[in-house]
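Computed from a predicted model, the values in this text were never measured in an experiment.
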Amino acid sequence: MNDEETKERAKRTRDILGVAIAMFGMGTVAGGLYAVDRLSVWSSASDREELVLGRFAAVIGLPMAALFSLLVVTLLRQQAGPIEFKLAGAEFKGSAGQVILWVFCFLAIAVAIKLLW
C-alpha cells in the first residue's frame, strides 16, 4: 500500500466517523429529551406536555434541524469531496464551505418548519 492509498483510507475513515458522530448526536439529543421528559422532577407532567406540545417546533424541531443539517453536510462531503463554492463575490473552501452549507441547510429546514407549523 502506497502513501496515497493510506491517505485516502484515512480520509474515508474520518468521513465515516463524522457521519457516525452526527447520527449518534441526533440519537443522543432525542434520547436526552425523552429522558428529561420522563425523569423530570421539577414540574408536573402537564407542564412538560404543554411546553413541548405548545412549542414543539422550537423545543424539538430546531435542535433536530441543526443535527440533520450536520448530517447532510457530512454526507455530501463524504460523497463529493471537499466543498467549495463562490457566493456574492466571496469564495468558500474547506471548512468555510462546510460551515456556509450547514447554515444554508439549517435555515432552509427552519423556514420549512415555520411555514408548515
Side-chain angles (χ1 to χ4, degrees):
M1 202 182 308
N2 63 21
D3 191 43
E4 188 173 313
E5 289 175 356
T6 304
K7 286 181 182 179
E8 183 64 31
R9 180 174 281 183
K11 181 180 179 267
R12 182 171 292 220
T13 302
R14 213 173 35 245
D15 291 342
I16 291 172
L17 184 61
V19 171
I21 289 171
M23 292 175 70
F24 178 76
M26 289 178 72
T28 301
V29 168
L33 289 171
Y34 180 77
V36 165
D37 180 55
R38 293 296 165 213
L39 301 175
S40 179
V41 293
W42 60 83
S43 65
S44 66
S46 64
D47 291 341
R48 288 190 312 264
E49 288 176 9
E50 182 181 333
L51 175 69
V52 171
L53 294 177
R55 309 229 187 283
F56 188 82
V59 173
I60 305 292
L62 289 179
M64 286 296 147
L67 288 172
F68 186 72
S69 298
L70 176 66
L71 183 66
V72 167
V73 170
T74 305
L75 285 174
L76 284 177
R77 181 171 181 242
Q78 182 179 0
Q79 298 298 322
I83 299 170
E84 299 178 7
F85 61 93
K86 293 181 181 180
L87 177 69
E91 187 173 338
F92 300 100
K93 293 182 179 181
S95 297
Q98 288 181 299
V99 169
I100 298 299
L101 184 61
W102 180 87
V103 169
F104 286 152
C105 287
F106 177 73
L107 289 176
I109 295 170
V111 168
I113 289 172
K114 176 68 176 166
L115 290 175
L116 295 173
W117 200 259

* Evaluate the side-chain contact (heavy atoms from CB on, under 4.5 Å) criterion for residues F106 and L70: first the C-alpha distance (whole Å), next the side-chain angles of each, then the deciding distance (0.1 Å), finally the verdict. => CA-CA 8 Å; F106 177 73; L70 176 66; over 6 Å; no

Taking a hydrophobic cluster as the set of Ile, Leu, Val, Met, Phe, Trp and Tyr residues connected by side-chain heavy atoms closer than 4.5 Å, whether directly or through intermediates, do [X] and [Y] fall within one such cluster?
{"X": "L17", "Y": "F24", "value": "no"}
{"X": "W102", "Y": "I21", "value": "no"}
{"X": "V111", "Y": "L67", "value": "no"}

* Between atom CD1 of I100 and atom SG of C105, what is the distance when rounded to the nearest 0.5 Å? -> 11.5 Å

* To do: Measure the NZ-CG distance between K114 and L107 for me, rounded to the nearest 0.5 Å.
  => 14.5 Å

* Asked: Do you know which two heavy atoms are closest between I113 and A65, and how far apart they sit?
  -> CD1-CB, 4.3 Å

